[in-house]
J.: 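Please see the structure below; I have some questions.
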Amino acid sequence: MSPRRGNTAGRVDRTRTIRFTFDGKPLTGHAGDTLASALLANGISLMARSFKYHRPRGVLTAGIDEPSALVTVLNGEEREPNIPATMLEIYDGLVAVSQNRFPSLAFDVGAANGLAGKAISAGFYYKTFMGPVVGPLKGTRFWMFCEHFIRRAAGLGSAGTAPDSSRYERMYAFCDVLVVGSGPAGLMAAKAASENGARVILAELDSRFGGSANWSGERIDSLPAADWVADTVRDLSGRDNVRLLPRTTVWGYYDNNGLAALERVTDHKEKPGKGEPRHRHWSIRAGTIVLATGAFERPLVFPGNDRPGVLLASAAQRYASEFGVLPGEKVAVFANNDGAYAAAKALRDAGASISAIVDVRADISPAARAIASSVGGQLLLRHAVVATEGGKHVSGIKVQGFDLASRALTGEARHLDADCLIVSGGWSPVIHLASQAGAAPKWDDALQAFLPPEPWQKWIGAGAFNGSLTTAEALAEGFSAGLRAVGATGNADETLDVGDAAPSSAPAAVFEIPAKGKAFVDLQHDVTADDVRLAHREGFISVEHLKRYTTLGMATDQGKTSNVPGLAIMAETLGKPIPEVGTTRFRPPFAAVSIGSLAAERYGDIKPERLTPMHDWHVAQGAKMYAAGLWFRPQIYGKPGETVEQAYVRETKTTRETAGIVDVSTLGKIAVQGPDAAELLDRVYTNMFSTLAVNKARYGLMLREEGIAFDDGTTWRLGEHDFLMTTTTANAGKVMQHLEYYLDVVWPDLKVHVTSVTDQWAGAAIGGPKAREILATVVTGTPVDNAALPFMGIVSGEIAGVPVKICRLSFSGEMAFEVYSGAGHGTHVWEALIEAGKPFGMVPYGLEALGTMRIEKGHVTGAEIDGRTTAHDLHLDWMLSKKKPFIGSNMLGREGLVAEDRLSLVGLVSLDSRPLNGGSHVVEQVDEANPRHSIGHITAVCYSPSLGKYIGLALVKGGKARHGARAFVSDPLRKRFGPVEIVSHHFFDPEGNRMHG
């Protein structure tokens, strides 16, 4: 094919020449070109090699559904593979290379794989390498020998190893209406919703808004469709309540109308502007979603359908109309619907010669027949293309008679000259996001396609997404969807003229032409029609099994072009209708997402860092930060010259003598809401919660099913059916999973909704003899005296103008209160409490002081609830209700769980005035040369300023029976041996008098 660029057609900027390279060859294009359109304009149709057979491949589509023309972009030592040439906007200095070939694209030795034929058909590696005996290579040894070579040959492009120098961002957005797709339907939806005052986000995956209106050649409202788009976008961009996001792919639809999107901010630029990221990841929460994602044109399956120069009819029309590029000079058309005729007309108008229109149907509409007459060339009804000819590009096609009723070929095949073949097998609505949102799609016989399911979440479909393939339908449905999204009513302006109706795109039910030769269903993975039938013969009759055995619809394709043809062939093989066979569940991501954008600002970290709302305050006050799981918390607020021990002893003493404040925002917080919320809590906790009064809290213990302690914490009853559960910091995620499992699997009848709200609340615990006085000076809207706020009571008030919830409970053993506010107000409330506490000498304290006070009181944490201990072991058996069953209750009497020699909680006091080490063993007799005979281990240690001694908690055999006995610590790794006394774990104020004031 010779270079072919028109002088006037298209919307590229011919005044700007862009220089780039492909496989080292310098080339030029124009601003607005994609790499695919620029390569076609330069006469390059061979762009890639296929996955398995290394067959020559060109471009099939003009958008994100491109399965074949994948390239690698080089930026110095960095490389990014598997970028669709159809989505890559060219820029000065772009360096792109083809992939999956050696030594070159034109001559690839891997093409020898094509000679292997059926030997490397679907699943060949399972059958060939997993068990044959070849000399000494028996069983899996043969696979292990071959695996190295298989893995080197597998895959598409090669990922780079150089560090990524790009910067990424993440954004969180909230809107009333999110419109996905900016074709005529999406633009009308955004316009209607925004005119009614809604906050609207319009996301478009292409660089240019408008979708098919940019290349359809139609007229809208008496204007060329592209001009109407420009006017509408200009109008929307001037509205304060509309955010336009071009180059933004919405790739995931999650619960509660949460959607994930990737904005390609600078992929089209030679150099990013100051402060610009490469990609920006959006997490969007929307009131209503309008899905105007359009439809993908499907290919037909016939031998040679993968040869460069074979492309979809709509793609050819788009290249000609939007980019001013002809994919060929002598074009043949092969279709099963009227829609391809519009593409033939567009190509003819752009200067191409139409050699033939081949249609499997016996009759076509008058509109299609009129187009066929106007474009010239042969009109071959009841015919099919049975082969393409040529080497690395189409040089001709073979056609043969075709009987639609019997699906049989008739007569003899004959040759037709053509250097390009455009095909259309009908249209498949892009229902990926709707499928992700829940429910199975519905089959439509008229369109021979799957339509979106009934909404399980709050979304509305419009246009081709609904199977409405005309522009008039798209405009009307888009306008209606925009109004419905905001609760308004009305119809689209009846004077909106859309010109002559386009030919119908409803196809004949033909997906495959039964001719001899390799006919590809999935061009990305070299899956042929014979592979689908082979999978059936070998027992893979489920669509999910078919997908995995043949790799049909995997990787970047995700069923965009291959799904329906593959299912149709499988259905025919099974002798069942397509809807009965069903379809695979579309899963996120809809399109490839850069890992850098997911990591965003946390790029380079091994794990995410979670910071409380008051983090910056802690750092500014000189706090030494400490990693507690994923959270960063203050360890101490050290003064100059202080050791860690001196700092936490000072903080502990001050808290016990006057008051202290600690950041407890990291506690897990779960909203448990619904008519059966109290019933759920009765089942998961060992004690009763249904009897808990509103505005009261209760300490609770959870067990696992086998009776082992799982987590503890307080739960607040905020309303009749509204509870706030708190968990330990480390177990927040596990408890959430625990609750969701039981609600989803064991008790699905319970009417309860659980929501993780850990990050929504900032928490501060203020404790000590002066705690109530301090609160009284700063809290408004509620008294905090003993009558209003008794132990475990809850009140609502304000601190510094911010609404707060206050609960009187204690982890330190002192009179204490937990104050919760919205996370965004956390620092403001914290600083107000700090100011109120200054006259009383209150200090902030960190984890070390917190741990010291809890050890002095004998309170348990994850160190003691270690997955092996029971409520009896931890002396929490007083919490085991005898009035109700609960998770784990049936197992509490097991012999092993009540044995007298079980490890149980005790306190230890160092008798040699030396620090103890966590993890040390407890022994009855020390044998430093041969440490042995452990009777337990230490779980937590500190210096107790209240006792003036080094103390610790331990799990020891016999527990209470050993109180008052002497033992020894044995820590051979740290060379620490010495005597201890075993005592009660309640070291300080065992009666709890200080806590009650």
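Bear in mind that the values here come from a model prediction, so they are computed numbers and not experimental data.
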J.: Determine whether Val59 and Thr86 satisfy the following criterion, side-chain contact (heavy atoms from CB on, under 4.5 Å), listing intermediate values before the conclusion.
T.: CA-CA 8 Å; Val59 68; Thr86 53; 3.5 Å; yes
J.: Return the orientation label for the Trp251 and His281 ring planes: parallel under 30°, perpendicular over 60°, tilted otherwise.
T.: tilted
J.: Using modelled atom types only, decide if a donor and an acceptor are shared between the side chain of Ser435 and the backbone of His432 within a distance under 3.5 Å.
T.: no
J.: Is any side-chain heavy atom of Leu523 less than 4.5 Å from a side-chain heavy atom of Ser562?
T.: no
J.: Would you mind checking if Arg247 and Glu89 are paired as a salt bridge, meaning a charged N to carboxylate O distance below 4.0 Å?
T.: yes
J.: Quick one, Phe296 and Thr61 - any side-chain contact, counting heavy atoms below 4.5 Å?
T.: no
J.: Check the side chains of Arg264 and Ser594 for a donor-acceptor pair under 3.5 angstrom, ignoring hydrogens and angles.
T.: no
J.: Please confirm whether Tyr91 and His268 have ring centers closer than 6.0 angstrom.
T.: no
J.: Using the six-membered ring wherever Trp is involved, compare the ring planes of Phe323 and Tyr319 and label them parallel, tilted or perpendicular (cut-offs 30° and 60°).
T.: tilted
J.: Side chains of Thr561 and Asp65: do they bring a donor and an acceptor to under 3.5 Å?
T.: no
J.: Between Arg285 and Asn256, is there a donor-acceptor pair closer than 3.5 Å when you use the side chain of the first and the backbone of the second?
T.: yes
J.: Looking at every non-hydrogen atom in both residues, tell me the closest pair between Val430 and Phe465 and how far apart they are.
T.: O-CD1, 3.3 Å
J.: Given 3.5 Å as the limit, does a donor-acceptor pair link the side chain of Asn305 with the main chain of Leu300, or not?
T.: yes
J.: Looking at Arg170, I'd like to know if its CZ atom is crowded, meaning that more than 12 non-hydrogen atoms belonging to other residues, nucleotides or ligands lie closer than 6.0 Å.
T.: yes
J.: Is a side-chain donor-acceptor pair under 3.5 Å present for Tyr168 with Arg278?
T.: yes
J.: Regarding Glu473 and Thr470, do their side chains bring together a donor and an acceptor under 3.5 Å, going by distance alone?
T.: yes
J.: Hydrogens and angles aside, do Trp282 and Glu263 bring a side-chain donor and acceptor to less than 3.5 Å of each other?
T.: yes
J.: Do Gln524 side-chain atoms and Pro67 backbone N/O form a donor-acceptor pair below 3.5 Å?
T.: yes
J.: I need the Leu202 CG to Thr232 OG1 distance, nearest 0.5 Å.
T.: 11.0 Å
J.: Are Ile364 and Leu379 packed together at the side-chain level, in the sense that at least one heavy-atom pair is separated by less than 4.5 angstrom?
T.: yes
J.: Mind listing the closest non-hydrogen atom pair of Gly252 and Leu433 along with its distance?
T.: N-CD2, 4.0 Å
J.: Can you check side-chain contact (heavy atoms from CB on, under 4.5 Å) on Phe209 and Leu245, steps first, answer last?
T.: CA-CA 9 Å; Phe209 292 97; Leu245 293 178; 5.9 Å; no
J.: Give a yes or no answer on whether the side chain of Asn466 reaches the backbone of Ser468 with a donor-acceptor pair at less than 3.5 Å.
T.: no
J.: If every non-hydrogen atom of Ser428 is compared with every non-hydrogen atom of Val564, which pair is closest and at what distance?
T.: OG-CG2, 3.6 Å
J.: I'd like to know whether CZ of Arg239 has more than 12 heavy-atom contacts from other residues, nucleotides or ligands below 6.0 angstrom.
T.: yes
J.: Using 0.5 Å steps for rounding, measure from the CG atom of Leu259 to the OG atom of Ser283.
T.: 9.5 Å
J.: Charged N to carboxylate O under 4.0 angstrom, Asp338 versus Arg361?
T.: yes
J.: If you measure from OG1 on Thr34 to CG on Leu39, what distance do you get to the nearest 0.5 Å?
T.: 8.0 Å
J.: Taking the six-membered ring for Trp and the single ring otherwise, decide whether the centroids of Tyr253 and Trp456 are under 6.0 Å apart.
T.: no
J.: Should Arg318 and Asp206 count as an ion pair when the cut-off is N to O under 4.0 Å?
T.: yes
J.: Is the side chain of Ser374 donor-acceptor paired with the backbone N or O of Ile371 at a distance under 3.5 Å, no angle test?
T.: yes
J.: Is any NZ, NE, NH1 or NH2 atom of the basic residue among Lys442 and Glu454 found under 4.0 Å from an Asp or Glu carboxylate oxygen of the other?
T.: yes
J.: What pair of heavy atoms forms the shortest contact from Ala485 to Thr288, and how long is it?
T.: O-OG1, 3.4 Å
J.: Quick one: do Leu187 and Val229 satisfy side-chain contact (heavy atoms from CB on, under 4.5 Å)? Show the steps, please.
T.: CA-CA 8 Å; Leu187 290 175; Val229 166; 4.0 Å; yes
J.: What I'd like to find out is whether the side chain of Val233 reaches to under 4.5 Å of the side chain of Leu244, using heavy atoms alone.
T.: yes
J.: Is Arg348 close to Val331 at the side-chain level, that is, under 4.5 Å between some pair of heavy atoms?
T.: no
J.: Could you verify whether a donor N or O on one side chain and an acceptor N or O on the other, from Thr15 and Asp13, lie under 3.5 Å apart?
T.: yes
J.: Are the side chains of Leu447 and Leu469 in contact, using a 4.5 Å heavy-atom criterion?
T.: yes
J.: Can you check whether Leu223's main-chain N or O pairs, donor with acceptor, with Asp221's side chain at less than 3.5 Å?
T.: no
J.: If you look at every heavy atom in Ser207 and Pro246, which pair is closest and at what distance?
T.: O-CB, 4.0 Å
J.: Counting distance only, does the side-chain N/O of Gln448 pair as donor-acceptor with the main-chain N or O of Pro507 below 3.5 Å?
T.: no
J.: Donor-acceptor check, side chain of Asn257 to backbone of Gly287, threshold 3.5 angstrom: yes or no?
T.: yes
J.: Applying side-chain contact (heavy atoms from CB on, under 4.5 Å), run through Asp255 and Gln457 and close with a yes or a no.
T.: CA-CA 8 Å; Asp255 290 344; Gln457 298 199 54; 4.2 Å; yes
J.: If I take atom CG from residue Leu60 and atom OG from residue Ser68, how far apart are they, to the nearest 0.5 angstrom?
T.: 6.0 Å
J.: Could you state the interatomic distance from OG (Ser424) to CG (Asn336), rounded to the nearest 0.5 Å?
T.: 6.0 Å
J.: Using modelled atom types only, decide if a donor and an acceptor are shared between the side chain of Asn241 and the backbone of Ser194 within a distance under 3.5 Å.
T.: yes
J.: Quick check: closest heavy atoms across Ile90 and Ala38, and the distance to 0.1 Å?
T.: CD1-CB, 4.1 Å
J.: Would you check if Val333 and Val358 make a side-chain contact, meaning some heavy-atom pair closer than 4.5 Å?
T.: no
J.: Counting C-beta onward and ignoring hydrogens, is there a side-chain heavy-atom pair between Trp443 and Pro577 closer than 4.5 Å?
T.: no
J.: Nearest 0.5 Å please: distance from the OG1 atom of Thr471 over to the CD atom of Glu218.
T.: 3.0 Å
J.: Would you mind checking if Arg5 and Asp33 are paired as a salt bridge, meaning a charged N to carboxylate O distance below 4.0 Å?
T.: yes
J.: Is the closest basic N to carboxylate O distance between Glu276 and Lys269 below 4.0 Å?
T.: yes
J.: Can the positive tip of Lys560 be found less than 6.0 Å from the middle of the six-membered ring of Phe586, inside 45° of the ring normal?
T.: no
